[in-house]
A.B. asks: 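Before I ask anything, here is the structure I am working with.
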Amino acid sequence: MTTTLTPAPTSATAQRRPVSRAARLVPVASGIVVAVAVALPWMVNAYLVSLAATALVMAVLAMSAQLLVGLVGQPPLGQAAYLVVGAYAAATLATLTSLGPVQLLAATAAGAVAAAVTGLLAVRVRTTTFLMVTFGVGELVHAAAGQWAPGGSEGTHIPPVVALPGLAPLVRPGWVYLYVLACTLIIGAAVIVLTRTRFALLLRGIAAHEPRVQAAGHHTSRLLLAAYTLAGGIAGAAGALLVAVTRYVSPADAAMGISAIALAAALIGSGSMIGACAAAILLVAARDWAGGLLSGHGSTLLGLSFLALAYLPRHRLAGLVGRRDRERI
């Protein structure tokens with residue numbers, strides 16, 4: 001009897017996997033989406049452009065929530081608190097400079113510091129208790145902003161931002177939208193790079209089996225606090241972008257409804273940053289645009305959107321994400 005031996009595949013052969021057609025189309029689709037997003041101010045009216053800018057702000061806030069939901073497995077219900085901290089930081093700095101990038105950096109730092117302080121309580125608990133603690137933090141910030149923030153419960157107005165030194169203030173909705181779009185793309189690229197680091201792998205390990213990560217010698221509480229701080233910084237950046245869009249900030253921006261949209265978008269996104277951003281944009285469109293077409297029933301439509309998106313596309317998206325991850329293995 002003759003035995004035929006099949007040579008073991010080399011490492012180069014083992015790593016060479018056939019790329020699916022869907023994976024090859026992702027860069028093309030992404031390029032088309034970005035091109036359409038850039039051309040949007042010349043395609044629709046000023047109201048829809050302003051609405052799109054608001055949706056981008058919520059997309060950044062959804063990235064903040066997705067960093068905790070998708071990597072750590074902890075659902076936050078208070079990310080709007082750090083958005084407001086960042087927004088008030090940008091509003092305070094606006095009295096000294098109107099440069100948008102400077103306000104963005106200051107708001108990011110303020111959100112990160114606030115998250116680092118409050119995260120000392122949040123990272124001690126998990127799952128449902130974590131949800132309640134972050135909800136409590138959000139309500140405390142909401143109440144504190146109404147008492148001690150500039151303008152009190154009435155809020156405060158901010159002059160228009162300047163994108164770069166020497167340029168005119170961003171007054172027209174189209175230019176504001178393009179500034180917010182550029183900032184969103186930069187933040188999104190940074191977050192995607194973060195999700196591909198060893199730090200992100202450790203966070204996923206904590207979500208899968210925290211005792212095993214601890215047994216490997218890692219301080220999981222420190223890792224969770226670092227992730228919570230980063231998420232707070234991203235939410236603070238969203239606050240600066242909100243100020244650029246509305247030129248106004250008030251304690252109402254820390255309401256639970258804002259945090260709920262960010263959390264819902266992260267859950268609908270099924271562990272994907274792109275999915276979370278897309279869900280946030282769809283939810284804002286359902287609340288503000290489609291709700292306006294239905295005689296102001298935005299809240300009703302938003303609730304129905306939560307149910308429909310949670311039960312239908314989420315599972316298909318999860319299967320797509322899982323299939324893409326298997327192709328990388």
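From a predicted model like this one, the values you see are computed outputs, not experimental measurements.
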A.B. asks: Is a side-chain N or O of Tyr88 found less than 3.5 angstrom from the main chain of Ala145, in a donor-acceptor match?
C.D. replies: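 Not confirmed, Tyr88 side chain does not pair with Ala145 backbone.
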A.B. asks: Are Leu167 and Leu170 co-members of a hydrophobic cluster defined by side-chain heavy atoms under 4.5 Å apart?
C.D. replies: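 No, separate clusters.
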A.B. asks: Could you see if Val162 belongs to whatever hydrophobic cluster contains Val243? Use Ile, Leu, Val, Met, Phe, Trp, Tyr and a side-chain cutoff under 4.5 Å.
C.D. replies: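 Result: no, two separate clusters.
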A.B. asks: With distance as the sole test, does Ser250 use its side chain to make a donor-acceptor pair with the main-chain N or O of Gly155 at under 3.5 Å?
C.D. replies: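 Checked: no pair found.
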A.B. asks: Hydrophobic clustering (ILVMFWY, side-chain heavy atoms < 4.5 Å, transitive) - are Val33 and Met63 grouped together?
C.D. replies: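 No, it is not one cluster - the side chains of Met63 and Val33 are not joined through contacts under 4.5 Å.
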A.B. asks: Quick one: does His209's side chain have a donor or acceptor within less than 3.5 Å of a partner on Arg212's backbone?
C.D. replies: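 Present.
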A.B. asks: Assess the residue pair Leu263 and Leu131 against the criterion (side-chain contact (heavy atoms from CB on, under 4.5 Å)); give the C-alpha distance rounded to whole Å, side-chain angles, the decisive distance to 0.1 Å, and a yes or no.
C.D. replies: CA-CA 10 Å; Leu263 177 58; Leu131 184 78; 3.8 Å; yes
A.B. asks: Tell me, with the steps shown, if Thr220 and Gln214 meet side-chain hydrogen bond (donor to acceptor under 3.5 Å, both in side chains).
C.D. replies: CA-CA 6 Å; Thr220 56; Gln214 291 174 337; 3.1 Å; yes
A.B. asks: Let me check something: do Val137 and Val125 share a hydrophobic cluster, defined by ILVMFWY side-chain heavy atoms less than 4.5 Å apart, either directly or through other members?
C.D. replies: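 Linked, Val137 and Val125 end up in one cluster.
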A.B. asks: Remaining members of Leu105's ILVMFWY cluster at a side-chain heavy-atom cut-off under 4.5 Å?
C.D. replies: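 Members other than Leu105 - counting any ILVMFWY side chain reachable under 4.5 Å - there are none.
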A.B. asks: Closest approach of Ala227 and Leu203, non-hydrogen atoms and distance?
C.D. replies: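 Where Ala227 meets Leu203 most closely, the heavy atoms are CB-CD1, 3.7 Å.
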A.B. asks: So does Ala262 get a backbone contact from the side chain of Gln66, meaning a donor-acceptor N/O pair under 3.5 Å?
C.D. replies: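 No, because the side chain of Gln66 does not come within donor-acceptor range (under 3.5 Å) of the backbone of Ala262.
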A.B. asks: So, taking the atom named CG in Leu51 and the one named OH in Tyr177, what distance separates them when rounded to the nearest 0.5 Å?
C.D. replies: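 Those atoms lie 11.0 Å apart.
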A.B. asks: Tell me whether Trp148 at atom CH2 has more than 12 heavy atoms from other residues, nucleotides or ligands lying less than 6.0 Å away.
C.D. replies: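 For Trp148, atom CH2 is not crowded (no more than 12 foreign heavy atoms under 6.0 Å).
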A.B. asks: Test of understanding: clusters of I, L, V, M, F, W, Y form through side-chain heavy atoms closer than 4.5 Å, transitively. Do Leu56 and Trp289 belong to the same one?
C.D. replies: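 Yes, Leu56 and Trp289 fall within the same hydrophobic cluster.
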A.B. asks: Taking the side chain as everything from C-beta on, heavy atoms only, tell me whether Leu99 gets closer than 4.5 Å to Val161.
C.D. replies: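 Sidechains of Val161 and Leu99: no contact.
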A.B. asks: Working to the nearest 0.5 angstrom, can you tell me the gap between Tyr179 OH and Leu164 CG?
C.D. replies: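 With rounding to 0.5 Å, OH (Tyr179) is 9.0 Å from CG (Leu164).
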A.B. asks: Measure the spacing between CD1 of Ile268 and CG of Leu282 and express it to the nearest 0.5 Å.
C.D. replies: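 Atom-to-atom, Ile268:CD1 and Leu282:CG are 8.5 Å apart.
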A.B. asks: Nearest 0.5 Å please: distance from the CZ atom of Arg247 over to the CD1 atom of Ile158.
C.D. replies: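 One gets 10.0 Å once the value is rounded to the nearest 0.5 Å.
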A.B. asks: State, without any angle test, whether Thr118 and Tyr82 hold a side-chain donor-acceptor pair at a distance under 3.5 Å.
C.D. replies: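 Tyr82 and Thr118 do have a side-chain donor-acceptor pair below 3.5 Å.
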A.B. asks: So, for Ala200 and Thr195, which heavy atoms are closest and what is the spacing to 0.1 Å?
C.D. replies: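 Heavy atoms only, the tightest pair is CB-O, 3.4 Å.
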A.B. asks: Going by heavy atoms in the side chains, are Leu68 and Pro76 under 4.5 Å from each other?
C.D. replies: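 Yes, side chains in contact.
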A.B. asks: Which ring-ring contact (aromatic ring centres under 6.0 Å, His included) pairs, counting each pair once, include a residue from residues 233-280, with sequence neighbours left out?
C.D. replies: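 ring-ring contact (aromatic ring centres under 6.0 Å, His included) check on residues 233-280 returns His157-Tyr248.
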A.B. asks: Heavy atoms only: give me the nearest Val245-Val176 pair and the separation to one decimal.
C.D. replies: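 For Val245 and Val176, the tightest heavy-atom pair comes out as CA-CG1, 3.9 Å.
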A.B. asks: Just so I know, are the side chains of Thr197 and Leu201 near enough to count as touching, which here means a heavy-atom distance under 4.5 Å?
C.D. replies: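 Result no, sub-4.5 Å side-chain heavy-atom pair not found.
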A.B. asks: Look up atom CG in Leu202 and atom CG in Leu224, then write down how far apart they are to the nearest 0.5 Å.
C.D. replies: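 That separation rounds to 10.5 Å.
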A.B. asks: Can you list the steps and then say if Leu241 with Cys183 is a side-chain contact (heavy atoms from CB on, under 4.5 Å)?
C.D. replies: CA-CA 8 Å; Leu241 297 181; Cys183 294; 3.7 Å; yes
A.B. asks: Can you find a pair of side-chain heavy atoms, one from Val84 and one from Leu242, that are under 4.5 Å apart?
C.D. replies: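 The answer is no, as the side chains (C-beta and beyond) never meet within the 4.5 Å cut-off.
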A.B. asks: Please check this pair: side chain of Gln74 against backbone of Thr127, looking for a donor-acceptor N/O pair closer than 3.5 Å.
C.D. replies: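 Yes; judged by distance alone, with no hydrogens or angles, the pair exists.
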A.B. asks: Within the 4.5 Å heavy-atom criterion, are Leu181 and Val38 side-chain neighbours or not?
C.D. replies: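 They are in contact (side-chain heavy atoms under 4.5 Å apart), so the answer is yes.
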A.B. asks: With a cut-off of 6.0 Å (strictly less than), are more than 12 heavy atoms of other residues, nucleotides or ligands near CD of Glu154?
C.D. replies: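 No, not enclosed.
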A.B. asks: Can you tell me which residue among Leu223, Thr134, Val72 is in a side chain to side chain contact (heavy atoms under 4.5 Å, CB included) with Tyr228?
C.D. replies: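 It is Thr134; the other options fail the test.
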A.B. asks: Side chains of Met58 and Ile261: closer than 4.5 Å at any heavy-atom pair?
C.D. replies: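 A side-chain contact under 4.5 Å exists here.
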A.B. asks: For the backbone of Ala80 and the side chain of Ser259, can you confirm whether one donor and one acceptor N or O come within less than 3.5 Å of each other?
C.D. replies: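 Checking the backbone N and O of Ala80 against the side chain of Ser259, a donor-acceptor pair under 3.5 Å is found.
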A.B. asks: Heavy atoms only: give me the nearest Ala114-Val85 pair and the separation to one decimal.
C.D. replies: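 Answer, listing the atom of Ala114 first, then Val85: CB-CG1, 4.1 Å.
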A.B. asks: Could I get the full list of salt bridge (Lys or Arg N to Asp or Glu O under 4.0 Å) partners for Arg126, not counting sequence neighbours?
C.D. replies: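 Counting only residues at least two positions away or on another chain, Arg126 forms a salt bridge (Lys or Arg N to Asp or Glu O under 4.0 Å) with Glu210.
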A.B. asks: What are the two closest heavy atoms between Val36 and Met43, and how far apart are they?
C.D. replies: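 In terms of heavy atoms, the two residues are closest at O-SD, 4.3 Å.
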A.B. asks: For the pair Thr54 (side chain) and Ser50 (backbone), establish whether a donor and an acceptor sit closer than 3.5 Å, ignoring hydrogens and angles.
C.D. replies: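 Here the side-chain-to-backbone pair exists.
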A.B. asks: Is there a side-chain contact between Leu230 and Leu194 in this structure, where contact means two heavy atoms from C-beta onward sitting under 4.5 Å apart?
C.D. replies: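 Answer yes - side chains close enough.
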A.B. asks: Working to the nearest 0.5 Å, report the span between CZ of Arg124 and OG of Ser221.
C.D. replies: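 Answer rounded to 0.5 Å: 7.5 Å.
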A.B. asks: Do Trp175 and Pro160 touch side chain to side chain, with heavy atoms closer than 4.5 Å?
C.D. replies: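 Counting from C-beta outward, Trp175 and Pro160 never come under 4.5 Å.
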A.B. asks: If you look at every heavy atom in Ala116 and Leu225, which pair is closest and at what distance?
C.D. replies: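 Closest pair (atom of Ala116, atom of Leu225, distance): O-CD1, 3.7 Å.
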